[in-house]
Number of protein chains: 2
Amino acid sequence: MSSPELLLSNQLCFLVHRLDRLINARYKPLLSALGLTYPQYLAMLALWERQELGVGELCEILDLDTGTVSPLLKRMESLGFVERQRRSDDERAVTVRLSEAGRALEEKARTVPGALASCLLRSEAEYGELKALLSGLIERLDERACGESGL
Amino acid sequence: MSSPELLLSNQLCFLVHRLDRLINARYKPLLSALGLTYPQYLAMLALWERQELGVGELCEILDLDTGTVSPLLKRMESLGFVERQRRSDDERAVTVRLSEAGRALEEKARTVPGALASCLLRSEAEYGELKALLSGLIERLDERACGESGL
DNA sequence: CGCAATAATGTAGTACGCAATATAAACTAC
DNA sequence: GTAGTTTATATTGCGTACTACATTATTGCG
């Protein structure tokens, strides 16, 4: 029989993975009412915040590869939420801007986070605690390989 | 400008999503040394625990669709880690069993969770706290649609 | 003019959810 | 008790997404 460290129910990774998929499933009906998928919603959050972004900037914000973001933006453009334009002063770069429809969507999206929070959270304090905990874990993993090659 | 509830950095969903992908990335090199992907590893954890499972049981344990698990098992079978056999007493059902190679892999996998934990966690207490917190959130989302249909 | 840097695109493999299908078992009606 | 319906189980197909790797295009520097 398995030793306790290999029990599925003891794996934090499994809990995080499961929670991520459950959250995703909760968002899905709310977002499909807006015409967005979950990753598209995250990209829209970034754009509502900044209005205009380079593709590279968006990749950094979302921590995604350009190979992921490029087709994502292509779909969002064909849906009419964003416009892409190659920069005239640097022909390598592409600027992503909200369209009118994309800006209009922000108003409709305003109720979305609250709907999820009411499912997930019991108090403002819990929100803060969770945010701090998750941010801490992310920071530890993001920095560098832990044991290896110290610093 | 965005209202605070739409700020990307304030979204727990984004933090969970990001953490999940970071964990996944950390596991990848460890698991590819075993010849497994991350979801395959989770399936193996379940099998090491139970030796023999129906496809449906595995779907429930992992909380995955049969449409996800079926091709996953097909790949794992072609890799030689599991065997699938239609049950004689119920031709609808398929039983999944570990192969010899699959059983042998457990020994090599024993060091994997600890490697991640040393990256992620600072203490045993933190592990317990996180496990309780995440489990609680999962339970809330798993139960049913929150506001809807009372009860 | 080459060479390196940066950004965008393309490709292959895996994963996930949903819908449709095939087959088998169980249940209902008469 | 058999015919027809319903339920259960697994597989397949489709659309979207993420990752790693390779390729292409533009720019800036030596």
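Letters A, B, ... are given to chains in the order of the sequence lines, protein chains preceding strands, and every chain is numbered from 1. We use all heavy atoms of the structure for the numbers below, so side chains are in, but hydrogens, waters and symmetry mates are not. From a predicted model like this one, the values you see are computed outputs, not experimental measurements.
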Parallel, tilted or perpendicular, as decided by the 30° and 60° cut-offs, for the rings of Tyr27(B) and Tyr38(B): tilted

Contacts of type salt bridge (charged side-chain N to carboxylate O under 4.0 Å, His left out), residue Arg87(B), not counting sequence neighbours: Asp89(B)

Distance, rounded to the nearest Å, where Asp89(B) contributes CG and dT9(D) contributes C1': 13 Å

Sugar-phosphate, base or nothing in reach of Asn24(B), heavy atoms under 4.0 Å: nothing

Nearest-Å distance for atom pair CD/P, residues Gln85(A) and dA7(C): 18 Å

Salt bridge (charged side-chain N to carboxylate O under 4.0 Å, His left out) partners of residues 111-136 of chain B, not counting sequence neighbours, each pair once: Arg140(A)-Glu126(B)

Sugar-phosphate only, base, or nothing, as touched by Glu57(A) at under 4.0 Å among non-hydrogen atoms: nothing

Selection from dA8(C), dA25(C), dA10(D) that lies nearest to any side-chain heavy atom of Arg86(A): dA8(C)

Side-chain donor-acceptor pair present, Gln51(B), Arg97(B), cut-off under 3.5 Å: no

SB check Arg110(A) Glu107(A) (cutoff 4.0 Å): yes

Value in whole Å for how far the P atom of dA17(D) lies from CG of Leu58(A): 13 Å

Arg87(B) CZ - dT23(C) C1' separation (whole Å): 15 Å

Base-pairing assignment for dG30(D) (Watson-Crick or G-U wobble, both under 3.5 Å): dC1(C)

Phosphate-side-chain proximity, His17(A) and dC16(C), N/O vs OP1/OP2 below 4.0 Å: yes

Lys/Arg-Asp/Glu bridge criterion (N-O < 4.0 Å) met for Lys74(B), Glu77(B): no

Within residues 61-77 of chain A: residues closer than 4.0 Å to DNA chain C (heavy atoms): Thr66(A), Gly67(A), Ser70(A), Lys74(A)

Separation of dA10(D) C1' from Leu53(B) CG (nearest whole Å): 15 Å

Nearest-Å distance for atom pair CD1/C1', residues Ile23(A) and dG17(C): 17 Å

Ring geometry between Trp48(B) and Tyr41(B) (parallel below 30°, tilted from 30 to 60°, perpendicular above 60°): perpendicular

Rounded distance (Å) that lies between atom P of dC16(C) and atom CG of Leu22(A): 13 Å

Nucleotide nearest Thr37(B) (side chain, heavy atoms from C-beta), chosen from dA24(C), dT14(C), dT16(D): dT14(C)

Sugar-phosphate, base or nothing in reach of Arg84(A), heavy atoms under 4.0 Å: sugar-phosphate

Nearest-Å distance for atom pair NZ/P, residues Lys28(A) and dT16(D): 11 Å

Phosphate-side-chain proximity, Arg21(A) and dG17(C), N/O vs OP1/OP2 below 4.0 Å: yes

Side-chain N or O of Gln40(A) closer than 4.0 Å to phosphate OP1/OP2 of dA17(D): yes

